[in-house]
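Presented below is the structure to which this report refers.
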Amino acid sequence: MIKKILFSFLIAVCTLSCAFAQTKTKESGKELNDPDNLASQYFSQVMGVAVDATSNLKLYKFVYEWIGTPYRFGGTTKKGIDCSAFTKAIYDKVFNTTILRNSRDIFSMVDPVSKDELKEGDLVFFKIKSKSISHIGIYLGDNRFAHASSSRGVVISNLNEPYYSRFFYKGGRILESYKKDFTVE
């Protein structure tokens with residue numbers, strides 16, 4: 001409920017700021033009537049990601065709406081969701097791409113990338129107390145990623161936290177061939 005009120009407040013502030021900004025043309029070289037700029041600033045503050053890293057507002061809005069959703073193994077709704085279902089939902093709704101349901105299967109669809117090569121929207125894979133991939137999230141920028149944690153539900157975490165740093169396996173970018181094969185039209 002509080003998130004909905006805050007989000008409504010953000011929309012109202014953006015609308016008022018945009019209306020006010022239309023009377024001016026430029027200030028400090030940036031357009032004032034750019035609501036995307038205001039939304040980027042808001043999401044960067046809420047999620048701890050630099051403003052210049054928040055280029056996909058649809059991604060940040062989606063993650064924001066799911067924060068706090070409890071974890072439920074096999075779950076796919078806001079009543080409870082697991083890490084691979086959360087990632088699958090992001091790819092369905094934000095990127096219009098259908099990916100497989102299991103984190104290990106999803107890894108077969110990516111081009112592996114190292115931690116320092118990660119870009120917004122890339123996937124991050126973990127081997128948590130296992131020899132095989134057991135956890136997945138989506139990279140947001142500035143070493144932050146969104147995921148459904150088994151202990152805290154949908155949250156944003158930092159790859160540099162000792163726990164995640166210890167179990168990080170690889171990053172991954174969905175291969176173009178899978179985007180074409182699985183893309184929802």
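The shown structure was predicted, so the numbers you read here are calculated from the model rather than taken from an experiment. Sequence positions, counted from 1, serve as the residue numbers for this chain.
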**OP:** For Thr87 and Ala85, indicate whether the former's side chain and the latter's backbone hold a donor-acceptor pair under 3.5 Å.
**Re:** no

Original post:
Ser84 and Ser103: which non-hydrogen atoms are nearest, and at how many Å?
Top reply: CB-N, 3.9 Å

Subject >> Lys119 NZ: over 12 foreign heavy atoms closer than 6.0 Å >> reply: no

**OP:** Determine yes or no for a side-chain-to-main-chain donor-acceptor pair under 3.5 angstrom, with Lys127 supplying the side chain and Phe167 the backbone.
**Re:** no

Subject >> Between CD on residue Glu161 and CG on residue Leu159, distance to nearest 0.5 Å >> reply: 8.5 Å

Subject >> Val155-Phe73 co-clustered via ILVMFWY side chain contacts under 4.5 Å >> reply: no

**OP:** Could you note down all residue pairs passing side chain to side chain donor-acceptor pair (under 3.5 Å) where residues 150-160 supplies at least one of them, sequence neighbours left out?
**Re:** His147-Ser157, Ser149-Ser151, Arg152-Ser157, Arg152-Tyr164

**OP:** Can you measure from CD (Glu176) to CG (Asp111) and round to the nearest 0.5 angstrom?
**Re:** 10.5 Å

Original post:
Is Lys129 close to Ser134 at the side-chain level, that is, under 4.5 Å between some pair of heavy atoms?
Top reply: no

**OP:** Output the distance between atom CG (Leu100) and atom NZ (Lys88), rounded to the nearest 0.5 Å.
**Re:** 7.0 Å

Subject >> Validation row: Asp92, Thr97 side chains within 4.5 angstrom (heavy atoms) >> reply: no

Subject >> Main-chain N/O of Ile81 paired with Arg72 side-chain donor or acceptor, under 3.5 Å >> reply: no

Subject >> Nearest-0.5 Å distance that lies between atom CD1 in Ile138 and atom CD1 in Ile90 >> reply: 4.5 Å

Original post:
Can Leu57 be reached from Tyr139 by stepping across I, L, V, M, F, W or Y side chains whose heavy atoms are under 4.5 Å apart?
Top reply: no

Original post:
Does the Tyr91 side chain pair with the main chain of Phe86, one donor and one acceptor, at a distance under 3.5 Å?
Top reply: no

**OP:** Step through the shown structure and confirm whether more than 12 heavy atoms of other residues, nucleotides or ligands are within 6.0 Å of NZ on Lys93.
**Re:** no

Subject >> Test ring pair (Phe, Tyr, Trp, His ring centres under 6.0 Å) applied to Tyr71 - qualifying residues, sequence neighbours left out >> reply: none

**OP:** Check whether Phe62 and Ile156 end up in the same hydrophobic cluster, where Ile, Leu, Val, Met, Phe, Trp and Tyr are linked by side-chain heavy atoms less than 4.5 Å apart.
**Re:** yes

Original post:
Which atom names give the shortest non-hydrogen contact between Trp66 and Thr76, and what distance separates them?
Top reply: CH2-O, 4.2 Å

**OP:** Could you tell me which non-hydrogen atom of Ile99 sits nearest to which non-hydrogen atom of Ile174, and how far apart they are?
**Re:** CG2-CD1, 3.8 Å

**OP:** Verify the ring-centre separation between Phe125 and Phe107: is it less than 6.0 angstrom?
**Re:** yes

Original post:
Can Asp82 and Arg101 be counted as an ion pair, charged N to O under 4.0 angstrom?
Top reply: yes

**OP:** Can you measure from CZ (Phe145) to CG (Leu140) and round to the nearest 0.5 angstrom?
**Re:** 9.5 Å

**OP:** Rounded to the nearest 0.5 Å, what's the gap from CG on Asp142 to CG on Leu118? Could you check?
**Re:** 12.0 Å

Subject >> Non-hydrogen side-chain atoms of Ser165 and Lys115 separated by less than 4.5 Å >> reply: yes

Original post:
Is the distance between the ring centroids of Tyr60 and Tyr64 less than 6.0 Å?
Top reply: no

Subject >> Residue pairs, two or more places apart or on separate chains, that pass side chain to side chain donor-acceptor pair (under 3.5 Å) and touch residues 166-175 >> reply: Asp122-Arg173

Original post:
Taking C-beta and beyond as the side chain, do Ile136 and Leu123 meet within less than 4.5 Å on heavy atoms?
Top reply: yes

